[in-house]
Amino acid sequence: MRAVVLLCLLHAALSTRFPWEGLDYKFPEPVLNTGNACDTDHGSQCCCAMLQNVTMLRTYFTTALDELEEEYSQVQQSLNTIEASRVAFSVALFSDSDTRCYGPETAAINIIYKHVFINMGDAYSTDTGIFTVPRPGVYSLVLTVYSDAGARGNDLAACVSLHVNNIPKVGSEDRNRQDQEDSTTIAVALHLRAMDNVTVSLPPGCFLCDDNSHYNTFSAFLLYPIE
């Protein structure tokens, strides 16, 4: 008799409405299996109802677990995509601490920045000075420019040009004999395609000077991808 009472109490507990409506799961109404042993007495009916509720609970938790596993898979895939899309680099003109100048040349040349602060995605080459765009998107690109004529009255020619696939996009030019040194910063956001080549060009007759303070830098990072 005591066992029957315990089973009925458990049945009453399982019959309580649970606050799971927010999970879009509706428990079906328990249906007693009529015409069999469940109808023989009240104790058997309690047992049958309890088993039916346990089965419904098992079904609910199985469904919820499947949904959670699907959501986890989608989140993991999104994180992998974000990690794969990380593109950022920042480089400076020279790796050593000697004070020296880059240029001038009789023809325009690509500036090869040798000192690497960061090169996430390995998209910038210190051998060629080319940033090869790994994936399409909007990129932020920044140049800092500095040159020193050595003394006032000497020719100062601080100038650079940012190119995409050998086409000039933005640049800066300062040629005079009044300043011993001068500097500038160029910042631009560009929509770039995969495999675009981005370079910094030094025009003819221009020169950049630097030391371990790294006045001349070239930096870029992906703001957001565009598929």
Distance, nearest 0.5 Å, that separates [atom1] of [X] from [atom2] of [Y]:
X      : Y      : atom1 : atom2 : result
Phe61  : Asp66  : CZ    : CG    : 13.5 Å
Asp210 : Tyr215 : CG    : OH    : 7.5 Å
Asp196 : Thr132 : CG    : OG1   : 9.5 Å
Thr62  : Arg58  : OG1   : CZ    : 7.5 Å
Asp179 : Asp174 : CG    : CG    : 6.5 Å
Ile186 : Leu143 : CD1   : CG    : 5.0 Å

Honestly curious: do [X] and [Y] fall in one hydrophobic cluster under the side-chain, below-4.5 Å linking rule?
X      : Y      : result
Phe221 : Ile226 : yes
Leu208 : Leu156 : no
Tyr146 : Tyr102 : no
Ile130 : Leu190 : no
Leu162 : Phe207 : no

Problem - Asn165 and Asn197: side chain donor to acceptor below 3.5 Å - result: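 Not at all, the side chains of Asn165 and Asn197 share no donor-acceptor pair under 3.5 Å.
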Exercise for the section: For Thr217 and Thr144, test the side chains for any donor-to-acceptor distance below 3.5 angstrom and give the result as yes or no. Expected result: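 Per modelled atom types, Thr217 and Thr144 side chains form a pair under 3.5 Å.
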What is the minimum heavy-atom distance between [X] and [Y], and which atoms define it?
X      : Y      : answer
Ser219 : Ser90  : OG-OG, 2.7 Å
Pro134 : Ala194 : O-CB, 4.1 Å
Gln180 : Arg152 : CB-N, 3.9 Å
Ala149 : Asn154 : O-ND2, 3.1 Å
Ala108 : Pro204 : N-CG, 3.7 Å
Gln178 : Asn176 : N-OD1, 3.0 Å

Practice task
Examine distances only and state if a side-chain atom of Asp182 and a backbone atom of Asp148 form a donor-acceptor pair shorter than 3.5 Å.
Solution key: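 Side chain of Asp182 to backbone of Asp148, a donor-acceptor pair under 3.5 Å: no, none is there.
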Handout entry: Near-ring test Phe89/Phe218, centroid separation under 6.0 angstrom
Key =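 Centroid separation for Phe218 and Phe89: below 6.0 Å.
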Exercise for the section: Indicate, with yes or no, if the rings of His214 and Phe117 have centres closer together than 6.0 Å. Expected result: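 Aromatic pair counts; centres sit under 6.0 Å.
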Does any part of the side chain of [Y], heavy atoms only, come nearer than 4.5 Å to the side chain of [X], both counted from C-beta?
X      : Y      : answer
Thr185 : Val145 : no
Phe131 : Val87  : yes
Ser147 : Cys209 : yes
Tyr139 : Leu222 : yes

Exercise for the section: For side-chain contact (heavy atoms from CB on, under 4.5 Å), just list the numbers for Met56 and Thr59, CA-CA rounded to whole Å, side-chain angles, deciding distance to a tenth of an Å, and then say yes or no. Expected result: CA-CA 5 Å; Met56 287 185 291; Thr59 302; 5.5 Å; no
Practice task
Show the numbers, then the answer: is there a side-chain contact (heavy atoms from CB on, under 4.5 Å) between Phe94 and Tyr113?
Solution key: CA-CA 6 Å; Phe94 302 127; Tyr113 296 85; over 6 Å; no
Problem - Electrostatic pair Arg175:Asp155 at N-O distance under 4.0 angstrom - result: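 So Arg175 does not pair with Asp155 through a salt bridge.
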Problem - Positive for side-chain contact (heavy atoms from CB on, under 4.5 Å) with Lys169, one of Val198, Leu141, Val188, Val164 - result: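 Among the candidates, only Val164 passes.
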